[in-house]
Amino acid sequence: MRILLFGPPGVGKGTQADMLFQKYNSTKFSTGDFLRGQISLSSPLGNEVKGYIKRGSLVPDDIIVKLVKKFLSENRDGNIIFDGFPRTMNQALMLEKALREVDMSVDLAIELHLNEEEIMRRLLSRQHCPHCGKIYNNVTDIQENGEICSTCGHTLVKRIDDDESIIKRRIKVYEEETKPLADYYKSKSVYRCIDASGSRDEVFEKISGIINECTDKK
Ligand code: AMP
């Protein structure tokens with residue numbers, strides 16, 4: 001199955017993608033994680049995209065499309081969970097074309113929904129482990145170990161784009177560029193929307209229910 005998770009920043013796409021890819025024995029591709037990895041390596045790609053991410057703008061489609069094509073050429077089989085891709089109509093069309101070439105299509109496009117006030121609350125308190133990527137949010141989780149990652153012991157950090165004015169810009173970019181994908185995936189009959197205001201386990205249960213239902217129909 002090819003499953004897309006989309007929704008505004010802070011809605012929990014990354015956390016859910018991590019839980020799903022373990023449960024469904026899938027490959028996960030998070031464009032945001034990949035780009036942040038390149039920034040921390042100070043690679044030429046990282047240096048190229050850093051400014052866009054810091055400003056809360058989307059990275060240009062041509063860069064993203066190149067990355068996703070490479071990923072797809074290396075991952076032709078099995079379940080794939082896309083976290084934060086596609087984010088524009090152009091990216092959605094490119095994905096459809098690339099999947100069609102290998103006789104595949106998007107099976108589910110799941111939009112996670114959350115109001116702006118809750119998004120702000122979550123993102124302003126979000127931290128992550130720069131080593132293993134685990135996400136901590138002291139609004140929705142109780143941090144087991146203060147400022148230290150409970151999985152690998154590294155000191156937690158904040159993302160460069162989790163700043164109030166940048167978060168507002170990212171929400172606006174989402175509304176303008178990504179939200180319209182809902183209509184596109186509705187027209188393909190693969191769109192589902194869930195309320196992401198519950199705990200990570202509650203949201204995970206809802207998403208798992210949708211995936212199981214879709215699997216049963218196949
Ligand atoms: P995320 O981790 O998904 O919140 O993404 C963080 C940032 O990475 C976004 O605000 C964009 O600047 C960039 N980014 C991630 N995925 C994409 C994408 N599919 N298209 C364009 N920019 C992206």
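We count residues from 1, following the sequence as given.
Other residues, nucleotides and ligands place no more than 12 heavy atoms under 6.0 Å from the CD atom of Glu205. Under a cut-off of 6.0 angstrom, the local environment of NZ in Lys206 is crowded, with over 12 non-hydrogen atoms contributed by other residues, nucleotides or ligands. Counted within 6.0 Å of NZ on Lys66, heavy atoms from surrounding residues, nucleotides or ligands total 12 or fewer; the atom is thus considered open. Atom OH of Tyr52 is surrounded by 12 or fewer heavy atoms from other residues, nucleotides or ligands within 6.0 Å. The environment of NZ in Lys172 is sparse: at most 12 heavy-atom neighbours from other residues, nucleotides or ligands sit within 6.0 Å. In this structure, Asn25 places its CG atom where only 12 or fewer heavy-atom neighbours from other residues, nucleotides or ligands lie under 6.0 Å away.
Contact detail for Ser197 and Leu114: the closest heavy-atom pair is CA-CD1, 3.5 Å. A pairwise comparison of heavy atoms in Ser73 and Arg76 identifies O-NE, 3.9 Å as the closest pair. Heavy-atom minimum distance, Tyr136 versus Ser150: OH-N, 2.7 Å. Residues Asp162 and Arg170 come closest through the heavy atom pair OD1-NH1, 3.0 Å. Closest approach of Ser42 to Asn47, counting heavy atoms only: O-ND2, 3.5 Å. In plain terms, the two heavy atoms of Ile171 and Glu116 that are nearest each other are CD1-CG, 3.6 Å.
Rounding to the nearest 0.5 Å places CG of Leu58 at 11.5 Å from CD1 of Ile63. With values rounded to the nearest 0.5 angstrom, Thr155 atom OG1 is found 8.5 Å from Glu147 atom CD. To the nearest 0.5 angstrom, Lys28 atom NZ is 6.0 Å from Asp83 atom CG. Considering OG of Ser26 and CG of Asn75, their distance stands at 11.0 Å, rounded to 0.5 Å. Summarising the geometry, atom CD1 belonging to Ile110 is positioned 8.5 Å from atom CG belonging to Leu4; distances are rounded to the nearest 0.5 Å. Put simply, CD1 on Ile167 and CD1 on Ile119 are 9.5 Å apart, with the number rounded to the nearest 0.5 Å.
Residues Ser40 and Pro130 are not in side-chain contact: their nearest non-hydrogen atoms beyond the backbone lie 4.5 Å or more apart. Using a 4.5 Å heavy-atom threshold, the side chains of Leu45 and Leu67 count as touching. Residues Met89 and Leu181 are in side-chain contact: their nearest non-hydrogen atoms beyond the backbone lie under 4.5 Å apart. Contact annotation: the side chain of Tyr185 approaches that of Pro86 to within less than 4.5 Å [non-hydrogen atoms, C-beta and beyond]. Met1 has its side chain within reach of Ile211: a pair of non-hydrogen atoms, C-beta onward, lies under 4.5 Å apart. Between Tyr24 and Ile3, every side-chain heavy-atom pair lies at or beyond the 4.5 Å cut-off. At a threshold of 4.5 Å between non-hydrogen side-chain atoms, the residues Leu20 and Asn79 do not count as touching. In this structure, the side chains of Ile160 and Ile166 stay at 4.5 Å or more apart for every pair of heavy atoms.
Of the N and O atoms on the side chains of Asp201 and Ser199, not one donor lies less than 3.5 Å from an acceptor on the other residue.
In this structure, Met94 is a member of the same hydrophobic cluster as Phe6, with clusters built from ILVMFWY side-chain heavy atoms closer than 4.5 Å. A single hydrophobic cluster is not seen to contain both Leu112 and Ile135; linkage of ILVMFWY side chains at heavy-atom distances under 4.5 Å, directly or through other members, places them apart. Under a hydrophobic-cluster definition in which Ile, Leu, Val, Met, Phe, Trp and Tyr are linked whenever side-chain heavy atoms come within less than 4.5 Å, directly or via other members, Tyr174 and Met120 are assigned to different clusters. Hydrophobic clustering keeps Leu124 apart from Leu156 (ILVMFWY residues linked when any side-chain heavy atoms are closer than 4.5 Å, directly or through intermediates). A continuous path of ILVMFWY side-chain contacts below 4.5 Å connects Ile64 to Leu99, so both sit in one hydrophobic cluster.
Glu177 contributes no side-chain N or O that, together with a main-chain N or O of Val173, makes up a donor-acceptor pair within less than 3.5 Å. Remark: side-chain polar atoms of Asp107 are paired, donor with acceptor, to backbone N or O of Arg2 under 3.5 angstrom. Although no hydrogens or angles enter the test, the distance criterion places a donor-acceptor pair under 3.5 Å between the side chain of Thr31 and the main chain of Gly84. In terms of modelled atom types and a separation under 3.5 Å, the side chain of Ser43 and the main chain of Leu41 share no donor-acceptor contact. For the pair Gln16 (side chain) and Arg200 (backbone), a donor-acceptor distance under 3.5 Å is present. Put simply, the side chain of Lys13 gets close to the backbone of Gly7: a donor and an acceptor are under 3.5 Å apart.
Ring geometry for His131 against His154 counts as parallel: the plane angle stays under 30°, on a 0 to 90° scale with 60° as the upper cut.
Between Glu118 and Arg122 there is a salt bridge, since a side-chain N of the basic residue sits under 4.0 Å from a carboxylate O of the acidic one.
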*Arg121 and Glu117: CA distance, side-chain angles, deciding distance, salt bridge (charged side-chain N to carboxylate O under 4.0 Å, His left out) verdict*: CA-CA 6 Å; Arg121 260 166 33 92; Glu117 199 183 322; 5.8 Å; no
*Begin from the C-alpha positions of Leu72 and Leu95 and carry the test side-chain contact (heavy atoms from CB on, under 4.5 Å) through to its verdict.*
CA-CA 9 Å; Leu72 286 170; Leu95 177 63; 4.0 Å; yes
*Can Asn90 and Thr88 be said to form a side-chain hydrogen bond (donor to acceptor under 3.5 Å, both in side chains), step by step?*
CA-CA 5 Å; Asn90 241 344; Thr88 63; 5.4 Å; no
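Residue Glu111 is tested with Lys186, Arg192, Lys179 for a salt bridge (charged side-chain N to carboxylate O under 4.0 Å, His left out); the sole match is Lys179. Only one option out of Phe29, Phe85, Phe34 pairs with Phe71 in a ring-ring contact (aromatic ring centres under 6.0 Å, His included); it is Phe29.
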